[in-house]
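I have placed the structure first, in the form of structure tokens, so that the comments after it can refer back to it.
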Amino acid sequence: MANTTEPNVSEVAGSIGLILAAVVEVGALLGNGAVLVVVLRTPGLRDALYLVHLCVVDLLAAASIMPLGLVAAPPPGLGRVRLGPASCRAARFLSAALLPACTLGVAALGLARYRLIVHPLRPGSRPPPVLVLTTVWAAAGLLGALSLLGPPPAPPPAPARCSVLAGGLGPFRPLWALLAFALPALLLLGAYGSIFVVARRAALRPPRPARGARLRSDSLDSRLSILPPLRPRLPGGKAALAPALAVGQFAACWLPYGCACLAPAARAAEAEAAVTWVAYSAFAAHPFLYGLLQRPVRLALRRLTRRALPRPPRACTPQAWHPRALLKCLQGPPEGPALGPSEAPEQAAELAGGRSLSMPGAT
């Protein structure tokens, strides 16, 4: 009985893992595609080059290494496609290059937000985004080239290990983990930690009294009104949400993969599937964390969705259930220029509304 239940349990676990991996793949494609379209279609967001770069890297990973993990890798993938030596080296190079490009891109985005928030009046101190992203891709290409120095993949009868953990990099894996995960983690922690410190100081700073404000009296009521609440909140608690989400997501997705790179090859091969798909889940989390949680991106997405969706047909008002008004509502507006007394105000309101939509607002 135990021999019959063990394969069933492993098959169920493999099926659940395959479904979750497919959900991560679909989420990465749809989420990054939506955020990329919103940023490119909105004129005020076209300067968000770091966010566009992150979406492009995630889409490249979702279109290349993630499908290979679904069809060629062992569970949670299908493991039915055998890759030749050349294809296996290409897959290893893509994985070793795209993962550092993603992590270094996240660190570059965090540093850009740090400079924008902490030093908003010193634009000269910010390096050009093109130079930063060129450096990111140069480092990613160098780390991808290191994967070609590893041992060649096994011949086709044996299961080929085309990943960085099991078959690539060899003695260069600690160096690759240091540059691909440890360095971006330190940069991200420093950037968002500084953002949190600045936001907490701003929250603790008392507001300045406005000019001409009436001075508070020294009565008992005024003394009671300035007492702190019974449950004081942590200063800067709301400001800590975004840094905590960014650093927590990076650590949860990439720390297991970085630790597996430092483990021996045999131990890393055992945990390859789990840590790889935990790392791949970052591609699906980025559009929500760095895109939809930002208010300008949400407003732009809402505006584009309203334009894309068809407007619902106009319904009759509740006052139109009188027999004569219901008959007029069903017949529609008259074709002639004459208007009834009950329809003139309604059309005037529509004309006023259309004029206000076509004219730019004064503010």
Quick note, ring pair (Phe, Tyr, Trp, His ring centres under 6.0 Å) partners involving residues 52-72, not counting sequence neighbours, are His53-Trp137
Do the side chains of Val56 and Val37 join up, straight or via other hydrophobic residues, at under 4.5 Å, putting them in one cluster? no
Taken to the nearest 0.5 Å, the spacing of Phe288 CZ from Asn32 CG works out to 9.0 Å
Hydrophobic clustering (ILVMFWY, side-chain heavy atoms < 4.5 Å, transitive) - are Leu29 and Val39 grouped together? yes
Got Phe250 and Leu189 here, is their nearest side-chain heavy-atom distance under 4.5 Å? no
Reported OG-to-CZ distance for the pair Ser87 and Arg89, which is rounded to 0.5 angstrom: 12.0 Å
Smallest heavy-atom separation, Ala180 atom then Thr103 atom, equals O-OG1, 2.7 Å
Are there more than 12 heavy atoms of other residues, nucleotides or ligands under 6.0 Å from atom CZ of Arg298? yes
Applying the 4.5 Å side-chain criterion to the ILVMFWY set and letting contacts propagate, would Tyr257 and Leu178 be lumped into a single cluster? no
Run through Val132, Leu133, Thr134 and flag the one making a side chain to side chain contact (heavy atoms under 4.5 Å, CB included) with Val130. Thr134
Is a side-chain donor or acceptor of Ser95 paired with a backbone partner of Arg92 at a separation under 3.5 angstrom? no
Taking all non-hydrogen atoms of both residues, which atom of Leu188 and which atom of Gly110 are closest, and how far apart? CD1-CA, 4.2 Å
Looking at every non-hydrogen atom in both residues, tell me the closest pair between Val297 and Gly291 and how far apart they are. CB-O, 3.1 Å
When you look at Leu262 and Phe181, which way does the side chain to side chain contact (heavy atoms under 4.5 Å, CB included) test go after all the steps? CA-CA 11 Å; Leu262 302 177; Phe181 302 112; over 6 Å; no
Leu104, Tyr192: one ILVMFWY side-chain cluster at the under-4.5 Å cut-off? no
Test of understanding: clusters of I, L, V, M, F, W, Y form through side-chain heavy atoms closer than 4.5 Å, transitively. Do Leu179 and Val164 belong to the same one? yes
If you apply the rule side chain to side chain contact (heavy atoms under 4.5 Å, CB included), what do you find for Gln249 with Tyr290, and how did you get there? CA-CA 11 Å; Gln249 181 267 331; Tyr290 296 101; 4.3 Å; yes
Nearest heavy-atom contact between Leu131 and Thr135 is O-OG1, 2.9 Å
What do the steps show when you test Leu99 against Phe283 for side chain to side chain contact (heavy atoms under 4.5 Å, CB included), and what is the final call? CA-CA 10 Å; Leu99 296 185; Phe283 302 139; 3.7 Å; yes
Nearest heavy-atom contact between Gly105 and Val136 is N-CG1, 4.2 Å
Show your working on side chain to side chain contact (heavy atoms under 4.5 Å, CB included) between Trp254 and Cys102 and close with a plain yes or no. CA-CA 11 Å; Trp254 298 111; Cys102 179; 3.9 Å; yes
What's the shortest heavy-atom distance between Phe93 and Ser147, and which atoms? CA-OG, 3.6 Å
